[in-house]
Amino acid sequence: MKVLRPGRVWLLAPVIIATGILLLFAWLVALAAVETPVEPALVLVEISAPEDLLIFTSLEIPIYDYESGEYGIEYLLTMLDPFQLADLIEKGLSVQVLGSPSPSSQYYRITARKPEALGLANDIVDVIESRSGASIIQASPGEAARLVELGIELEGLSLHPLVIPQEVSNTESISLTVDTDIAGMINQVLTSTIYSLTGDLTGEWATIISGEPYTISNRYTFYPPIPNENPPIKKATEYIFQEFALLDISPEYHYWESERYSVTLYPPENYPNVIGTITGTQRPEDIFMITAHLDDAPFSDPAPGADDNASGTVGVLVAAQILSQYEWDCTLRFATFTGEEQGLLGSSAYAKQAYELEENILAVLNLDMIAYNSKNDDAPDIDLNTHTAQDQVIANLLINVISSYGLDLAPEIIQPGTGASDHASFWAYGYPAILAIEDHNDFNPFYHSRNDTLDKLDMDYYTEFVKATVGTLAHMGCLAGTEGRLAGHVTDKSSGLPIEGARVSASNRFGQEWQTFSGPDGSYILNPTRDFYTVSGEAADFVTATITNVQVTQGLTTTLNLTLPVMQYMYYPLIPHGAE
């Protein structure tokens, strides 16, 4: 090892000092260019190339939000301290400081069905950033409540990991074969049941909650603004809990709290999410969810919230009533969330917990406002994310259920869809989710008012909508006893000889996978549930063979032989070092 003598170190000192000064000067210039704050700040990070995303991901910085375009992620919203900001600048990323946080407020993405509402919002809060038809604001709880009264839809932004969903390989629409069991489930959806449940939730009459008559006149999460042992929202959650309990689907309260709302005035036990679960018998780790927000607006009494969102909640309840009569190989979960009107608070807490527990949620079907149809065009919207093909899989299934079972609906896919409902909380953690909602172009004028009542709803349309969601969840959920058989042999394409120990896997559109290994004679057998599959065979020294759209039918054997080509290797002669 060469050791520098002290004299030589002194000779190098001027060079080292000069280099350091130049680096410091360059760093200060870069910081000055973006008006570097002295405290953590909200920052927009531009993603102009794939390398930018790799750089950001490697730093493991949590984000508030990201926006995707045709070619992938375009920008990220995050919170950075001065050192993190300097690090990103040094690595060549383009950043824009948007402002500093306030301990008494929260960041929101806001949208509005009525364009004039956004104009009125400017009188209450300042817009920090506006892109892609949505605006980013910072608002206190009081300001947020005023925005809701105006008809503004709030999507609360909280820091979470940057999770990019994995795309599935097979997203194309595949026609469904009408299933007699599922047809029977759909036929159990009755207008009279829907009407009765909606009336219970909207205060049209008194219902029985915990053995006593009670009229639910309001479901606003933080009403009234004084300590109250039994606020209306608490009674509404008790109503959902008892309905789930009657069905024996393991009801539970999921408690959450927000640092923006006083736990003294609003204890979490007053406004929990309510969850019901049918645990799968064979693949309980695979979870399919149907969700809706239970809470409503405005901050007044009465606030019936018939369309927004007793309608979606009733869709969840009816699905639970019907599907609980059957056995399922996968887990079905029924969720009603609170705090949606304040920025998706309840669902955000729930999705965060699911992510931290590494739950395998394969699909979320979120229902929000599914009963208003003044144009009589029966045209619901299906809102998808821009950055996951898995949403398309769920949407295709819903559309195919409507078509195959002859339901009187004409759905339209909206992509990119709104993030102003609870499905967006699952998007944030990489879970596939869609929003099923009435026509955006047939806006309910009674939204967020005391006039959002049962008599304004189109009961025929409402019933068809619930039928569609029940059928969709049933087709997702691995109805027990619907297994088929997939069998065949794996052979060498060149010689025709059997390949032992080849891994054979079958994956459906939701990413569920069945796998096995071929025996000494190359044979394999799998028993997946009825569906369409992508089947692959792979073995060492062979090219993987993949076949798509393989249909497995209940109680029947589908024969599929897989032939694997031998891997071709290129060998190069070793050339001695220094030789030409």
Side-chain angles (χ1 to χ4, degrees), residues 166-182 280-286 288 327-331 360 362-363 389-390 392-394 396-397 400-401 404 432 474-569:
Q166 294 182 351
E167 294 190 359
V168 293
S169 59
N170 185 10
T171 64
E172 65 265 30
S173 179
I174 301 174
S175 296
L176 294 178
T177 301
V178 172
D179 182 285
T180 55
D181 290 330
I182 295 177
T281 56
Q282 301 297 321
R283 302 173 69 85
E285 70 282 0
D286 292 343
F288 295 90
E327 188 175 278
W328 303 88
D329 287 340
C330 306
T331 292
N360 189 36
L362 296 174
Q390 290 162 296
Q392 188 73 55
V393 172
I394 308 170
N396 286 344
L397 179 59
N400 286 335
V401 165
S404 298
H475 270 285
M476 288 179 190
C478 310
L479 184 62
T482 61
E483 296 84 359
R485 174 173 287 193
L486 180 63
H489 290 79
V490 184
T491 57
D492 182 331
K493 186 174 182 179
S494 301
S495 66
L497 295 174
I499 301 175
E500 181 180 2
R503 179 180 178 271
V504 180
S505 62
S507 300
N508 66 12
R509 290 161 290 170
F510 293 101
Q512 293 177 283
E513 184 177 79
W514 283 254
Q515 67 173 15
T516 189
F517 293 90
S518 58
D521 62 349
S523 65
Y524 74 91
I525 297 175
L526 288 171
N527 295 103
T529 54
R530 59 186 174 195
D531 207 338
F532 288 85
Y533 290 86
T534 295
V535 182
S536 297
E538 57 183 300
D541 299 322
F542 289 89
V543 178
T544 299
T546 300
I547 302 174
T548 61
N549 295 339
V550 178
Q551 184 174 13
V552 174
T553 305
Q554 176 183 348
L556 299 177
T557 298
T558 299
T559 301
L560 183 68
N561 295 318
L562 300 168
T563 57
L564 279 54
V566 175
M567 186 80 71
Q568 299 296 316
Y569 294 98

Asker: Whether the side chain of Q554 engages the backbone of G481 through a donor-acceptor N/O pair (distance < 3.5 Å, no angle test) should be reported.
Answerer: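 The answer is yes, because a donor-acceptor pair under 3.5 Å joins these two groups.
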Asker: Going through the checks in order, is the side-chain contact (heavy atoms from CB on, under 4.5 Å) test met by V566 and D492?
Answerer: CA-CA 7 Å; V566 175; D492 182 331; 3.7 Å; yes
Asker: At what distance, to the nearest 0.5 angstrom, does OG1 of T563 lie from NZ of K493?
Answerer: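 Here the rounded value is 5.5 Å.
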Asker: If only side-chain N and O atoms count, and only distance matters, is there a donor-acceptor pair under 3.5 Å linking T534 with T548?
Answerer: no
Asker: Check whether any side-chain heavy atom of F288 lies under 4.5 Å from a side-chain heavy atom of F510, and answer yes or no.
Answerer: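 Yes. Closest side-chain heavy atoms under 4.5 Å.
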Asker: Checking T516 against I525 for the side-chain contact (heavy atoms from CB on, under 4.5 Å) test, could you report, in this order, the C-alpha distance in whole Å, the side-chain angles of both residues, the deciding distance, and whether it holds?
Answerer: CA-CA 7 Å; T516 189; I525 297 175; over 6 Å; no
Asker: If you measure from CG on L562 to OG1 on T544, what distance do you get to the nearest 0.5 Å?
Answerer: 10.5 Å
Asker: Step by step, work out the side-chain contact (heavy atoms from CB on, under 4.5 Å) result for T177 and Q551.
Answerer: CA-CA 11 Å; T177 301; Q551 184 174 13; 4.1 Å; yes
Asker: Would you kindly say whether D521 and S523 are connected by a side-chain donor-acceptor distance under 3.5 Å?
Answerer: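 Yes, side-chain donor-acceptor contact under 3.5 Å.
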Asker: Nearest 0.5 Å, what's the CG-OG distance between L564 and S536?
Answerer: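 So the CG of L564 and the OG of S536 are separated by 9.5 Å.
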Asker: Counting distance only, does the side-chain N/O of S518 pair as donor-acceptor with the main-chain N or O of V504 below 3.5 Å?
Answerer: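 Pair absent, no side-chain N/O of S518 close to backbone of V504.
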Asker: Answer yes if the ring centres of Y533 and W514 are under 6.0 angstrom apart, and no otherwise.
Answerer: yes
Asker: If you count the non-hydrogen atoms of other residues, nucleotides and ligands that lie under 6.0 Å from CZ in R503, is the total more than 12?
Answerer: yes
Asker: Among all residues two or more places apart in sequence or in another chain, which pass the salt bridge (charged side-chain N to carboxylate O under 4.0 Å, His left out) test with D179?
Answerer: R530
Asker: Measure the OG1-CG distance between T482 and D329 for me, rounded to the nearest 0.5 Å.
Answerer: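 Separation between the atoms: 6.0 Å.
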Asker: Answer whether the closest heavy-atom distance between the side chains of D286 and C478 falls below 4.5 Å.
Answerer: no
Asker: Quick one: CE on M476 to CG on L397, what's the gap to the nearest 0.5 Å?
Answerer: 5.5 Å
Asker: Where the side chain of N561 meets the backbone of H489, is there a donor-acceptor pair that is under 3.5 Å apart?
Answerer: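 Here the side-chain-to-backbone pair exists.
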Asker: How long is the straight-line distance from OH of Y524 back to CG of L560, given to the nearest 0.5 Å?
Answerer: 4.0 Å
Asker: State, yes or no, whether a side-chain contact exists between N508 and F532 at a heavy-atom distance under 4.5 Å.
Answerer: no
Asker: Does P284 offer a backbone N or O that forms a donor-acceptor pair with the side chain of T331 under 3.5 Å?
Answerer: yes
Asker: Would you check if N527 and V552 make a side-chain contact, meaning some heavy-atom pair closer than 4.5 Å?
Answerer: no
